[in-house]
Amino acid sequence: MPALERLGERWRTRGLSVLTVAVADSRDRASKFLWDAGVSLPMIEDPDQSMSRALGVRALPTTLILDRNHRVAARVRGSIDWDAPAVDKQLQDLLK
């Protein structure tokens, strides 16, 4: 989670926003998780998983990268090193 926050900070000036989605969890529990991780990312609640299902999320963690028209440009299942230089290169290609 801290790496996702750093990603958002690196890319903010290029129009990228990083949001977290609390899937099937209470607001308090999800907020505590973010607090304990030292992360202040915005959180969207999806307690009944309707948004996640509509976007085809079947496993957690899943990261969706949306293009400027809010269409899914990439999907990552599992954890990833968001600090890796390869991530920035892939984002450059995806978000042209």
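Because the structure is predicted, anything quoted here is derived from the model rather than measured.
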> Which distance, rounded to the nearest 0.5 Å, do you find between the CG of L60 and the OG of S79?
Replying inline: 12.5 Å
> Do you know the tightest heavy-atom contact between E5 and G38?
Replying inline: OE1-O, 3.6 Å
> In this structure, are over 12 heavy atoms from other groups packed under 6.0 Å from R6 atom CZ?
Replying inline: yes
> Side-chain heavy atoms under 4.5 angstrom apart, residues restricted to Ile, Leu, Val, Met, Phe, Trp, Tyr: same cluster for L64 and L41?
Replying inline: no
> Just checking, any donor-acceptor pair under 3.5 angstrom between side chains of D28 and S26?
Replying inline: no
> Would F33 end up clustered with V23 when hydrophobic side chains under 4.5 Å apart are linked, directly or stepwise?
Replying inline: no
> Are any side-chain N or O atoms of R53 and backbone N or O atoms of D48, one a donor and one an acceptor, separated by less than 3.5 Å?
Replying inline: yes
> Going hydrophobic residue to hydrophobic residue with side-chain gaps under 4.5 angstrom, can you get from L91 over to M1?
Replying inline: yes
>> Rounded at 0.5 Å granularity, tell me how far CH2 in W11 sits from OG in S17.
In response: 12.5 Å
> Which heavy atom of T20 sits nearest a heavy atom of L34, and at what distance?
Replying inline: OG1-CD1, 3.9 Å
> Is D83 salt-bridged to R10, going by a charged N under 4.0 Å from an acidic O?
Replying inline: yes
> Any chance CZ of R29 has more than 12 other-residue heavy atoms, nucleotides or ligands included, within less than 6.0 Å?
Replying inline: no
> So, does D46 use its side chain to make a donor-acceptor pair with the main chain of M51 at under 3.5 Å?
Replying inline: yes
> In Å, rounded to the nearest 0.5 Å, how long is the span from CG of L94 to CG of L66?
Replying inline: 11.0 Å
> Is there a side-chain contact between V72 and I65 (heavy atoms, below 4.5 Å)?
Replying inline: no
>> For a quick test of reading the model, state the closest non-hydrogen atom pair linking N69 to D67 and the distance between them.
In response: N-OD1, 2.8 Å
> Can you check whether V21 reaches V57 side chain to side chain, under 4.5 Å on heavy atoms?
Replying inline: no
> Does the side chain of V18 reach to within under 4.5 Å of the side chain of L16, using non-hydrogen atoms?
Replying inline: yes
> Of all heavy-atom pairs between A30 and M43, which one has the smallest distance, and what is that distance?
Replying inline: CB-SD, 3.3 Å
> Looking at side-chain heavy atoms only, is the closest gap between R75 and T62 below 4.5 Å?
Replying inline: yes
>> Assess the residue pair L7 and V87 against the criterion (side chain to side chain contact (heavy atoms under 4.5 Å, CB included)); give the C-alpha distance rounded to whole Å, side-chain angles, the decisive distance to 0.1 Å, and a yes or no.
In response: CA-CA 9 Å; L7 175 75; V87 168; 4.1 Å; yes
